[in-house]
Amino acid sequence: MAQLFEFEKPIAELEHRISELQKFSADKGIDLSQEVDTLEKKVLLLKKEIYGNLEPWQKVQIARHSERPNFYDYAPLLFEDFIELKGDRLFADDHSIAGGIALFHGVPVTVVAQVKGKDTKENIKRNFGMPHPEGYRKAIRLMDQAEKFGRPILTFIDTPGAACDLGAEERGQGEAIARCLLAMSGYHVPVISTVIGEGGSGGALALGVCNVLLMLENSFYSVIAPESCASILWKDTTKAKEAAAALKFTAKDLLRLGVADELVREPQGGAHNNLHQTADELSEVISKYLVRLRSESPEVLRETRYQKLRKIGMFRESAEINLTKKLD
Amino acid sequence: MAQLFEFEKPIAELEHRISELQKFSADKGIDLSQEVDTLEKKVLLLKKEIYGNLEPWQKVQIARHSERPNFYDYAPLLFEDFIELKGDRLFADDHSIAGGIALFHGVPVTVVAQVKGKDTKENIKRNFGMPHPEGYRKAIRLMDQAEKFGRPILTFIDTPGAACDLGAEERGQGEAIARCLLAMSGYHVPVISTVIGEGGSGGALALGVCNVLLMLENSFYSVIAPESCASILWKDTTKAKEAAAALKFTAKDLLRLGVADELVREPQGGAHNNLHQTADELSEVISKYLVRLRSESPEVLRETRYQKLRKIGMFRESAEINLTKKLD
Amino acid sequence: MFKDIFRKTKYVTINSNQKQNRSSEVPRQEEAAIVSKKELPDGLWVKCPKCGEVLFNKNLDENGRVCTTCEHHFRISAQGRLALLVDENSFEEWDSELNTMDSLEFPGYEEKLLEAQQKSGVLEGVVTGRARIEGIPFVVAINEAGFMMGSMGSVVGEKIARAIERAIELRLPVVIFSTSGGARMQEGILSLYQMAKTSAALGKLAENHLLYISVLTDPTFGGVTASYASLGDIIISEPNALIGFTGPRIIKQTMRQELPTGAQTAEFNQEHGLIDLIVARTQMRPELARLLRYHQEGAEYGSTI
Amino acid sequence: MFKDIFRKTKYVTINSNQKQNRSSEVPRQEEAAIVSKKELPDGLWVKCPKCGEVLFNKNLDENGRVCTTCEHHFRISAQGRLALLVDENSFEEWDSELNTMDSLEFPGYEEKLLEAQQKSGVLEGVVTGRARIEGIPFVVAINEAGFMMGSMGSVVGEKIARAIERAIELRLPVVIFSTSGGARMQEGILSLYQMAKTSAALGKLAENHLLYISVLTDPTFGGVTASYASLGDIIISEPNALIGFTGPRIIKQTMRQELPTGAQTAEFNQEHGLIDLIVARTQMRPELARLLRYHQEGAEYGSTI
Ligand SMILES: [Zn+2]
Ligand SMILES: [Zn+2]
């Protein structure tokens, strides 16, 4: 069974009581169906109540769930075929970014995705989903080919952030991410990005310059990890919950801020509770947008992507400072 | 005084006798001007004889002379200004390839050159003029900018070959050279390459895809080092002299084979005997071709470069085998 | 479209003389506060954090705030850099009225902004406009380290993007001086996407075959390194500036990895192929002039070819 | 223009049936000579150099000359590869009459050529033409290891360049199988520039948005690695093939550097980011079919989007 979060325990307790009642009823031959029925209704209500009102921090926990489906889980369900292509042709093949050519609803597309591991061994191989410069350079190489051959690009974002070690610095982590941003902004093919789990700052953004940004319901996409934010703001990493609320990084927030285009529904409790259902939902939404984008001309695709970026941000055009609050 | 080659010793001996005669004449007050005169004429003849009929192997020795001028010697004489730009933006700055923006006869040009060291310390820094993949990738980066800004490209070839160590293999030496060839073949700006010393196989060729190939009189440009060739052919590296003759790699050979466009004269005995004269000669020849090329359209520059490459090679269009020699 | 998120507040106009008048004196920077006020009379003297020499502040200003003993480059304000860099009276500021709003209602952000504005005398973390060096026109943007460490929020991103777009209209080259801790967390995802916005604008500039020179100054990190700062056709750094993606403290904390001496300096970055030129502040003006000149469109150069 | 260098000699026509008839049986390669003829009856059996298993030659042929025990990939002739790879009767050979001349009068070259031609039954080190895989048309070039180790002289370069140019005319993708020791020294600078010629042709192909798949097979080194072999949009290798720029013996000699175990294998190259896919010979046909299909222009795919 999947790992339980604190906020899920009331549900689990009720469900446990139901199964005890059922067992008791079976053992003793006593009819408790009415009690069970009542409790089951209560569970449904409770689930709706809890899962329908998840706080940002709870979504962070779901997005980081050890059993949260990763790209390799979705790939066989989303694509009729997927050929993984490797390497940046410069230095190494980075296992925290996977990419290649896939067949999506019969259409060849280029796919690039960040991939976290599911266990310690895999996480070491994939550097916990934190790409090095070679990962981003592989992404550029593959996406450049999509541009060359007129293939739509689908990216999948799922990373705590870019690798932050000496090697990453030596090989130009900043340069690699910046080149990704520049490259993606210039393509004449449709680009659809989906945050499937964690969208951690610049390392995530590197795959997020798109015509359409989708977010799974319990994913988040943030300029900084809530723990780091709490540490800077309140010198207290345990206040990550408060930081999570302040950062406005849930799918709903990003829709409201004009950054995300659509929220993709997850099964109650999160994608890990029903991979197939999530994949179906995701497939349908991506397909819907891909149909639309494929009807646009290359120049329009490029220019609308640029205009989408251009509009992100809020400011006012007046050199006035706010009077409602004042420094002493 | 510059290092003397075996074939230069008769000249040196004569010159030594002249100076002895002059000293004797001065010491003893005896007039030997006629004898000196005769000897000096003999020296002139001898020099003409020797330097005018250098064998390929002797040119190899001159091209590899420890005091042979390298790119950094020529740069201040060829250019009114030179701004060296560094790095491949990926991994490292390679000191065996220098590049940047220079002002040549008042025209901004992009310059890329292989550079050997002049002493052991510098040679270690410059890996004996043998570039790693990062050197070729720096070259591509700088030349791509020349294309972007419409600047002519001047390359200077002077390398025993590309680096041949594990690091070079790991970082894709073959890929880096191949990308150089591909990139240079596609530019719409004039490309003039000059072999100023040693042109060692693929590592040299990487900077040699050009509209005009110039060769200094005593330079050579070969598919393989004569020593390696001798070792393969005759299992005997001391037969490098014979291999040098067989490989047809001197400036004159390459003119005859349709690969080089012009031979740039060197002072008697080689460029190291008069750097300024060599630089003047080189400047004049490059300038002559640059004027011509700058009058061509971008598309013509690209296409004529392609056609120049397309024509290199000799073959016959008949599936006949040679009868004059026959295997038993 | 963002109106529903606007907050209803009242504004007054800040006196903007301070930021718009160019002064030939180089304004001082917080870094001077390194000098203990107990040891030295207020503001007249400053102690070099590198060599320890006590310097007369006026002399330091006259030398572009570069230590006359060890050549340590003190941090410098955007206005100070302009004064050192561009032809007199050639600077025309753009979008100076662009102002930040607390779009996420982020805890403490309004106070921080007010404090930064009052302390620095500027509205935001970047100054943009057009200017000339040795007569050559170009578009310039300079991060202001004194304003929340030059961090990039909506206004910084927007001003830089607008400056680049105007450079395309005017067919002028762009020079950006970076000093930044990265994206500004108080504007959340909106800050993050300024990286994409500025990079995309530079993509258009490149497509138009216009030169972009990125000048890195101490410190340049995070989202700025991972966007416009790394995209120069030519990348220049001031000597010894610290430049990287992740800050050394975070690398140490998260990776338990001690960085070698000299890591993330300009020189380290150059060795790793990431920087074209290291240019001392005192040489920046002639060096930029050379580079701008050689990229001038239709320039004559008195060419003999 | 090269007429003055031509040598006056007489020619006769070689019987080219051998090279033009496609056989469904996979021709054997020199490598089989590894098996001592004293131990095993002539040609019927072959010993695997990797696992030591003694294999029935006919079985080995039927398995694409891949060891049935350890999957060691024996070297294979160009004709053998064609037989395994392309749709029956779909191969149309191009430029089969292109023949080499001893342009530099290089010591021993004519003898070497004659020997190679007589031994291999082909004229030169590459076969080019058009063919189909699962009905999809493409242009193919295959190096012939049996001909002077697939080294690249004027003919190899010219045939590859012509094939690429014809692919552009026909708007077809190109697949090149490399096996080569590098540039052929007996043709000096002319060989060297075949690297540039083939790379330039691939540049034109790329400009025309046509797919190029490079398949590396054991061994691929030198001037071939440093030109067409490394320029694939997609680079595939057979398992365990040795691939590099400088051969291990030369690295050892010149650098006094012992290569680590597994260096320069396909797997090593993939780890270092240089190869997309490692595909067993028995899977090559369906794998190429997939890739070619997804790059077909105007293909329908029964698309639902
Ligand atoms: Zn100092
Ligand atoms: Zn075996």
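Note on naming: letters A, B, ... go to the chains in the order of the sequence lines (proteins, then strands), and numbering restarts at 1 for each one. Just so it is clear, the values below take in all heavy atoms, side chains as well, and ignore hydrogens, waters and symmetry mates.
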- [ ] May I have all residue pairs that pass salt bridge (charged side-chain N to carboxylate O under 4.0 Å, His left out) and include part of residues 217-231 of chain B, sequence neighbours excluded?
- [x]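 Counting only pairs at least two positions apart or across chains, the salt bridge (charged side-chain N to carboxylate O under 4.0 Å, His left out) contacts touching residues 217-231 of chain B are B:Arg64-B:Glu227.
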
Open item on the list: Strictly by salt bridge (charged side-chain N to carboxylate O under 4.0 Å, His left out), give each pair with a member in residues 159-186 of chain B just once, sequence neighbours left out.
Closed with: B:Glu134-B:Arg171, B:Arg137-B:Glu175, B:Glu175-B:Arg179

TODO: Using a cut-off of under 4.5 Å on heavy-atom pairs, state which of B:Ala162, B:Ser222, B:Gly208 scores highest against chain D.
DONE: B:Gly208

- [ ] Count the heavy-atom pairs under 4.5 Å between each of B:Ser185, B:Ala176, B:Ser228 and chain D, then report the option with the highest count.
- [x] B:Ser185

- [ ] Apply salt bridge (Lys or Arg N to Asp or Glu O under 4.0 Å) to the pair D:Glu97 and B:Arg316, showing each step before the final yes or no.
- [x] CA-CA 8 Å; D:Glu97 77 294 348; B:Arg316 44 201 171 92; over 6 Å; no

Which of [options] touches chain B most, by non-hydrogen pairs under 4.5 Å:
| options | result |
| --- | --- |
| D:Thr254, D:Leu274, D:Thr246, D:Asp95 | D:Thr246 |
| D:Gly247, D:Ser227, D:Ala229 | D:Ser227 |
| D:Thr100, D:Leu231, D:Thr225 | D:Leu231 |
| D:Gln264, D:Met195, D:Lys204, D:Glu207 | D:Lys204 |
| D:Ser191, D:Ala161, D:Gly273 | D:Ala161 |
| D:Gly157, D:Ala201, D:Gly153, D:Ala263 | D:Ala201 |

- [ ] Begin with the C-alpha distance, continue with both residues' side-chain angles, and end with the deciding distance and a verdict on salt bridge (Lys or Arg N to Asp or Glu O under 4.0 Å) for D:Arg162 and B:Glu317.
- [x] CA-CA 13 Å; D:Arg162 285 189 189 182; B:Glu317 309 237 9; 2.6 Å; yes

- [ ] With a 4.5 Å heavy-atom cut-off (strictly below), which parts of residues 186-205 of chain B touch chain D? List them by number.
- [x] B:Ser201, B:Gly202, B:Leu205

Task: chain D neighbours within residues 239-252 of chain B, where any heavy atom lies under 4.5 Å away - done: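 From residues 239-252 of chain B, the residues near chain D are B:Ala246, B:Leu247, B:Lys248.
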
Interface moiety of [X] toward chain D, non-hydrogen atoms closer than 4.5 Å:
| X | value |
| --- | --- |
| B:Ile224 | side chain |
| B:Glu303 | side chain |
| B:Leu182 | both |

Write down the atom of [X], the atom of [Y], and the distance for their closest heavy-atom approach.
| X | Y | result |
| --- | --- | --- |
| D:Ala226 | B:Leu181 | O-CD1, 3.5 Å |
| B:Phe315 | D:Val155 | CB-CG2, 3.7 Å |
| D:Phe245 | B:Ala163 | CD2-O, 4.4 Å |
| B:Leu309 | D:Ala200 | CD1-CB, 3.6 Å |
| D:Ser230 | B:Gly174 | OG-C, 3.8 Å |

TODO: Would you indicate whether the side-chain heavy atoms of B:Leu166 and D:Ile251 approach each other to under 4.5 Å?
DONE: no

Open item on the list: Do D:Tyr193 and B:Val223 have side chains that approach each other closer than 4.5 Å (heavy atoms only, starting at C-beta)?
Closed with: no

- [ ] Determine, step by step, whether B:Phe220 and D:Ile189 satisfy the side-chain contact (heavy atoms from CB on, under 4.5 Å) criterion, reporting the C-alpha distance in whole Å, the side-chain angles of both residues, the deciding distance to 0.1 Å, and the verdict.
- [x] CA-CA 10 Å; B:Phe220 70 103; D:Ile189 193 77; over 6 Å; no

Can you tell me how far the [atom1] atom of [X] sits from the [atom2] atom of [Y], to the nearest 0.5 Å?
| X | Y | atom1 | atom2 | result |
| --- | --- | --- | --- | --- |
| D:Gln253 | B:Cys164 | CD | SG | 10.0 Å |
| B:Leu233 | D:Met185 | CG | CE | 3.5 Å |
| B:Ser318 | D:Leu123 | OG | CG | 8.5 Å |

What part of [X] gets closer than 4.5 Å to chain B, counting heavy atoms only: side chain, backbone, both or neither?
| X | value |
| --- | --- |
| D:Leu98 | both |
| D:Glu165 | side chain |
| D:Lys252 | neither |
| D:Phe268 | side chain |
| D:Ala206 | neither |

